[in-house]
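Below is one structure, written out as structure tokens; comments come after it.
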Amino acid sequence: MKNNSWGEIHLSVHYIRLLRIINADSRQNGSEQTLSEMKISYKRIAMQQYKLKRGFKPEIDRIYSAMQECFPTEISRNGDHIETSYGAMSKITVWIENKMLFVDTVSDVTVKDDETILQTNKAYREFLLKATGYTAKERLKNAKKEVGEE
């Protein structure tokens, strides 16, 4: 699916959740606030799917190892799903389905430190490279090919 207004390509965005809005002050003073006075704490969640390069087996243990290398935080397994959080991402969920890698992320927009954001992006790109075998440029090329825009 292509979003013309942003010029971005989103593969297999199965759902987009509404922004989770936290009313930071209402717990303390019990008053109601307008939407503009509330603090937005999480970005939308978008699920992406990635094809695996030849020779990169669709095995959850291999993906788990790649996550351990790229995200030096606690990683949990829940059946076929692997979850962690790292830097500017409050939640990263990964699983294999039909020989494809699925990644579901939630960005924590309260993180404002540029260094943390850049480090998170670098670790995420490194994880996708180790998990899929494709560089960011190759993933973009595959995405364009999927939507018929070569």
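- Rounded to the nearest 0.5 Å, atoms OG1 (Thr105) and CD (Gln48) are 7.5 Å apart.
- Atom OG in Ser107 sits 13.5 Å away from atom NZ in Lys91 (nearest 0.5 Å).
- Annotation: Asp80, atom CG; neighbour count of heavy atoms from other residues, nucleotides and ligands within 6.0 Å does not exceed 12.
- Cluster membership check: Ile75 shares its hydrophobic cluster with Leu128, using side-chain heavy-atom separations under 4.5 Å among Ile, Leu, Val, Met, Phe, Trp and Tyr.
- Under the side-chain hydrogen bond (donor to acceptor under 3.5 Å, both in side chains) criterion, Thr120 pairs with no residue at all, not counting sequence neighbours.
- The two residues Ala88 and Thr116 have their closest heavy-atom pair at N-CG2, 4.1 Å.
- In the displayed structure, Glu97 atom CD is contacted under 6.0 Å by more than 12 heavy atoms of other residues, nucleotides or ligands.
- By the side chain to side chain contact (heavy atoms under 4.5 Å, CB included) test, Glu115 is found to be paired with Asp113, residues two or more places apart in sequence or in another chain being considered.
- Across all non-hydrogen atoms, the minimal contact from His81 to Thr93 is CD2-CG2, 3.7 Å.
- For the side chain to side chain contact (heavy atoms under 4.5 Å, CB included) test, residues two or more places apart in sequence or in another chain that qualify with Lys130 are Ala66, Glu69, Cys70, Glu126.
- Here CG of Asn142 is found 7.5 Å from CD of Glu146. Values are rounded to the nearest 0.5 Å.
- Nearest approach of Ser85 to Thr73, heavy atoms of both residues: O-OG1, 3.0 Å.
- Applying the side chain to side chain contact (heavy atoms under 4.5 Å, CB included) rule to Phe56 yields the partners Leu52, Lys53, Arg62; only residues at least two apart in sequence or on another chain are considered.
- In terms of the side chain to side chain contact (heavy atoms under 4.5 Å, CB included) criterion, residue partners of Ile60 (sequence neighbours excluded) are, by chain and number, Arg77, Ile82, Ile96.
- By the ring pair (Phe, Tyr, Trp, His ring centres under 6.0 Å) test, Tyr86 is found to be paired with Phe71, residues two or more places apart in sequence or in another chain being considered.
- Between Phe102 and Val94 there is no side-chain heavy-atom pair separated by less than 4.5 Å.
- Distance check: Lys99 NZ to Leu101 CG gives 15.0 Å after rounding to the nearest 0.5 Å.
- Between Glu138 and Thr135, the closest side-chain pair of non-hydrogen atoms falls below 4.5 Å.
- At a threshold of 4.5 Å between non-hydrogen side-chain atoms, the residues Asp104 and Trp95 count as touching.
- Partner Phe127 forms a side chain to side chain contact (heavy atoms under 4.5 Å, CB included) with one of Ile63, Ile92, Thr132 and no other, that one being Ile63.
- Looking at heavy atoms from C-beta onward, Arg139 lies out of side-chain contact with Lys144 at the 4.5 angstrom threshold.
- The two atoms that bring Met67 and Thr84 nearest to each other are CE-CG2, 3.3 Å, heavy atoms only.
- When atom types are taken as modelled, the side chain of Asp108 and the backbone of Thr110 share a donor-acceptor pair closer than 3.5 angstrom.
- Between the side chain of Lys57 and the backbone N or O of Arg54, no donor-acceptor pair lies under 3.5 Å.
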